[in-house]
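Just below is one structure, and these are the notes that go with it.
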Amino acid sequence: MEYDFRKIEKKWQSFWSEHQTFKAVEDPAKPKYYVLDMFPYPSGAGLHVGHPLGYIASDIYSRYKRLCGFNVLHPMGYDAFGLPAEQYAIQTGKHPALTTEKNIARYREQLDRIGFSYDWSREVRTCDPAYYKWTQWAFLKMFDSYYDNSLRKARPVSELVGMFSRNGTEGVDAACTKELSFTAERWNSMSDKERSDVLMNYRIAYQGETSVNWCPKLGTVLANDEVKDGYSVRGGYPVEQKKMTQWQLRVSAYAERLLDDLDDLAWTDSLKDMQRNWIGRSEGAEMVFKTYNGDNVYDMHIFTTRADTVFGVTFMVLAPESEWVEKLTSPEQKQAVAEYLNEVKKKTERERMTETRKITGVFSGSYAENPMTGNRVPVWISEYVLAGYGTGAIMAVPAHDSRDYAFARHFNLPVIPLIEGCDVSESSFDAKEGIMCNSGFLDGMPVKEAIPAAIDYVEKHGIGHRKVNFRLRDAIFSRQRYWGEPFPIYYKDGIPTPLPSSELPLQLPEVDKYLPTESGEPPLARAADWTYEGWPLEKSTMPGFAGSSAYYLRYMDPHNDSALVSREADGYWRNVDLYIGGTEHATGHLIYSRFWNKFLYDLGYVCEKEPFKRLINQGMIQGRSNFVYRIVNTNRFVSYGLKDGYETTEIHVDVNIVHNDRLDIEAFRKWMPDFADAEFILENGEYICGYATEKMSKSMFNVVNPDMVCDTYGADTLRLYEMFLGPLEQSKPWDTKGIDGVHRFLKRLWRLYYGKDGLVVTDQEPLPSELKVLHKLIGKIHTDIEAFSFNTAVSAFMIAVNELYDLKCSKRGILEPLVILLSPFAPHISEELWEALGHKGSISFASFPEYDGKYVVEASCTYAVSFNGKTRFTVDLPKDMPKDEVEAQVRSLEQTAKYVGDGNILKIIVVPGKIVNIVVK
RNA sequence: GCCCGGAUGGCGGAAUCGGUAGACGCGUUGGUCUCAAACACCAAUGUCCGAAAGGAUGUGCCGGUUCGACCCCGGCUCCGGGUACCA
């Protein structure tokens, strides 16, 4: 009987689905374990071979945990709002909901083929009104809350209103956009509009001004990804920076807690580091510099971590977007500044950070007075200062900051060294060490002491105050798009007002087109009657992360219509025990989710302060991408070999219309409407594409589908092969070569159970040699699964099967545990063999083999060499190692010992099962 | 630029605590089975010298620590992820 994976896989997949084998039901008698995958965006390209990598790993762990007696919650759903469906809708006029529906159906089909043990009764979709009702609900809660800094938690806005009406801002310590100060009297006399504006300053979900990539020609805001070299990827139109009022979430209020609570999470240190750096806590001081623009005098606030270097300030720098630019530009410099701002406007923030080697800037015409020395220094404007961090203005100390140094050298500004003996002729001295000089009262102090001393001085003399600054910015929460959650907000007399919760969900309206209006309004402006009680509704929609921030909670209680999650379900499942997903979410989703969870925790809706206890980052399965090269400002494309003669923009092209790096020109023209009338500059009659290894993703157009693998080799082979490919956490390029070996292994396994005449398994007692193979494997699989070292686990299976093959083992006592051990990895073949061995039902109800004294026949001994009381060297000497080999090992130990100390070996003791001692005098 | 990873044979990778580098699999070569192929099985396989025995060399580059370094430290190079509106 042959291993017929097609029949077997189909049979067991229907069995699981019919018997609802993996349905999770709250059961207080059993310990719970929640295993979660980062849910996919259902792209039109379908599931690619990179997606299942993490899903297979989490499925292995889920199945393993079930076999170990846990009540496992292992759900799946779809992050279904997103740009690609909208783009597709713009191109085709098809409603994104239809496209999404279709894509989800395809994803489900693909997922089912791989044999995952999901509880599909708990599926969620972020674009489902029954789901986004709770996204909108959470938004309204955030709108109706402010963050109390002293209580370190979110509180209802009504409490803030109460405080304002009694004492004004007196005694209020709340996270805010701008420090405000007013009396109760003032508050009580404010109009509704004024009060609304004041409260916006405190709400956790608030409206505020921010800078965005604006494409006037497309009439829309673009992501940095959609902008390349100052032009839109779609269409190639110019893009500029523009200020816009946007909904934002006051994530920054939670910065300290997001940082502190990282300590208790079982995440990798590298990931925690990324989050810590992203949150970017820095201690320093906010200082006031008097600035003079002609006769006008202003107090300008700057933030610095190096108050100790204030004596070395030789100039000040403003971010181009800073509100100070207007105030501090002198009439003579007006033209130069305007020209400079115009240049900078064309660049995205990321481009500005990347191009730090190109030094640009302009003198504002104003001067600032150093509060310590009284010296006047020029105020410059440069793109290396970012508006979003600190106050958007810095004091420049070129001697001790490399960016300031580069700027000073370029514009010939003075450099004053402040540390004894430091050499600043070639580069700045950034290290926080040495003894201060040229610094007045700080002279002679080590830097480490000078920093706090300087801040003390600043506070004492009213020049400024101690401040902790965070790099973490508030999250921009509105998008000028169609395919997202509508905001449950309407504008009553121009005042943003929440919809009553009985109106939720506020459903996405139908529109005639998915593009912005001619006047540049978002697509929702096209809806026929987008009003509530006659007042206009908010026209922007929520971003992708809105729906993905709390989805893990909804899985606990997905059909509840009266709460996001019931107290009972939340109390049982609590939070995610194991979360698997890519590192690309390290600073986006994983910060937003933690923020969202903490907010709900503050309000008492969830019982855990962190959403994800343990987190494993699966590596990327990389794809091989192809590029075409568009000549800037044209629709002409030049072949790879000739591109150096032109100024070009590199654009990803779908690998499915490229063969051996040669572009299928007709397919390319059909690929996107923008390229329909594209022209080409060919080499040797062909268009050659560039290539690169990078992340496999729909946006890179380099997707490979797993269906082919399932067709030819089966799901179990795909599962094993993806695990065998390399360490889970490491990136590796997809390569179908090598999959035969894994398939061969499964066939060999099958032949262990089935001969020509059917099942060959006997009830004979296993031999010690056979038990040894099994128990070596049990030990290995246990440690490997717990360590998520699945590639070595698969190798261990291969070795064990080869050994059993050599031993011609056919004993039930070996083969039955073997098939249970393998079942998390290759569930279909395992179920089939389990049934063949005479068991009814699913192998999921078996229990995972454990080490058991009766199986242990022989054990290897570890010998260690120790000298001076410290173990320095261990060597494995198996119990059955031949005598001469043991002697050889001992000789090599003697050799080693000779290198130690003066080479005098007192004695060597060799006792089997004990430590080898080499004592050196 | 900044933050976080990675680099080991022809290829994917193993070496889990500083102790025999290259497990396991792919590929390649030779062989067995077959009329032939497929399947399967056996053997060899880092590189260089050598008929062999054996020797030399070898974990991206330069340097250091150590009796001993793929592993630890310092300095680089290249590749990947993120960089706040891709999800």
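What you see is a predicted model; the values in this text were computed from it and never measured. Note that these values count all heavy atoms, side chains included, but never hydrogens, waters or copies made by symmetry. By convention in this document, chain letters (A, B, ...) are assigned in the order of the sequence lines, proteins followed by strands, and residues within each chain are numbered from 1.
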Could you state the atom-to-atom distance from [atom1] of [X] to [atom2] of [N] in whole Å?
| X | N | atom1 | atom2 | value |
| --- | --- | --- | --- | --- |
| A/Ile616 | B/C4 | CD1 | P | 20 Å |
| A/Arg281 | B/C3 | CZ | C1' | 19 Å |
| A/Trp483 | B/C86 | CH2 | C1' | 17 Å |
| A/Leu590 | B/G82 | CG | C1' | 12 Å |
| A/Gln275 | B/G5 | CD | C1' | 16 Å |
| A/Ile279 | B/C4 | CD1 | P | 14 Å |
| A/Arg276 | B/G5 | CZ | P | 12 Å |

* Check the chi torsion on B/G9 and let me know: syn if it falls within 90° of 0, anti if not. =>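 B/G9: syn glycosidic orientation.
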* For B/C71, does the O4'-C1'-N9-C4 (purine) or O4'-C1'-N1-C2 (pyrimidine) torsion place it in syn, i.e. within 90° of 0, or in anti? ->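 Classified anti.
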* Qualifying residues under side chain to side chain contact (heavy atoms under 4.5 Å, CB included), relative to A/Ala793, sequence neighbours excluded ->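 Testing A/Ala793 for side chain to side chain contact (heavy atoms under 4.5 Å, CB included), a comparison that skips the adjacent residues, returns A/Ile781, A/Asp784, A/Phe825.
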* Listed by chain and number, what are the side chain to side chain contact (heavy atoms under 4.5 Å, CB included) partners of A/Thr99, not counting sequence neighbours? ->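 With neighbours one apart ignored, the set is A/Tyr88, A/Lys94, A/Asn103.
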* Asked: Considering only heavy atoms and no angle criterion, is a donor-acceptor pair shorter than 3.5 Å present between the side chain of A/Arg481 and the base of B/C85?
  ->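 When only heavy-atom distances are counted, A/Arg481 does reach the base of B/C85 through a donor-acceptor pair under 3.5 Å.
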* So does A/Glu226 reach the base of B/C86 with its side chain, donor to acceptor, closer than 3.5 Å? ->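 No, no donor-acceptor pair under 3.5 Å.
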* Asked: If we ignore angles and hydrogens, is there a donor and acceptor under 3.5 Å between the side chains of A/Asp474 and A/Tyr206?
  ->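 Short answer, yes.
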* Asked: Under 4.0 Å: is that the gap between some side-chain N or O of A/Asn802 and OP1 or OP2 of B/G25?
  ->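 Looking at the OP1 and OP2 atoms of B/G25, one of them is under 4.0 Å from a side-chain N or O of A/Asn802.
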* Would you say a side-chain N or O of A/Asn224 is under 4.0 Å from OP1 or OP2 of B/C86? ->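 Result: no.
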Complement of [N], any strand, by Watson-Crick or G-U distances under 3.5 angstrom:
| N | value |
| --- | --- |
| B/U45 | B/G27 |
| B/C61 | B/G75 |
| B/A40 | B/U32 |
| B/C70 | none |

* Between protein and nucleotides 7-13 of chain B, map the contacts as a letter string: B base, S sugar-phosphate only, - none, heavy atoms under 4.0 Å, written 5' to 3'. => -----BS
* Establish, for the pair A/Arg751 and A/Tyr3, whether the NZ or CZ atom is under 6.0 angstrom from the six-membered ring centre and no further than 45 degrees off its axis. =>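 Not satisfied by the 6.0 Å and 45° rule.
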* To do: Give me the ring orientation class for A/His589 and A/His585: parallel if the planes are under 30° apart, tilted from 30 to 60°, perpendicular past 60°.
  =>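 Answer is perpendicular, since the angle exceeds 60°.
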* In terms of ring plane angle, is the pair A/Phe139 and A/Phe487 parallel, tilted or perpendicular, where the classes change at 30° and 60°? ->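 Perpendicular.
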* Quick one: ring-ring contact (aromatic ring centres under 6.0 Å, His included) partners of A/Tyr514, sequence neighbours excluded? ->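 ring-ring contact (aromatic ring centres under 6.0 Å, His included) list for A/Tyr514, sorted by chain: A/His95, A/Tyr482.
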* Asked: Between A/Phe545 and A/Phe477, does the ring centre distance come in under 6.0 Å?
  ->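 Yes.
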* With heavy atoms under 4.0 Å as the rule, sort A/Met798 into base, sugar-phosphate or nothing. =>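 Touches sugar-phosphate only.
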* If you look only at pairs with a residue in residues 36-46 of chain A, which of them pass as a salt bridge (Lys or Arg N to Asp or Glu O under 4.0 Å), with sequence neighbours excluded? ->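 Residue pairs with at least one partner in residues 36-46 of chain A: there are none.
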Under 3.5 Å, which protein N or O atoms sit close to an N or O of nucleotides 37-40 of chain B? Give each pair with its distance.
| from | atom 1 | to | atom 2 | distance (Å) |
| --- | --- | --- | --- | --- |
| B/A40 | O3' | A/Arg751 | NH2 | 3.3 |

* Under 6.0 Å from the CD atom of A/Glu2, do we count more than 12 heavy atoms belonging to anything else shown? ->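 Result for CD/A/Glu2: open.
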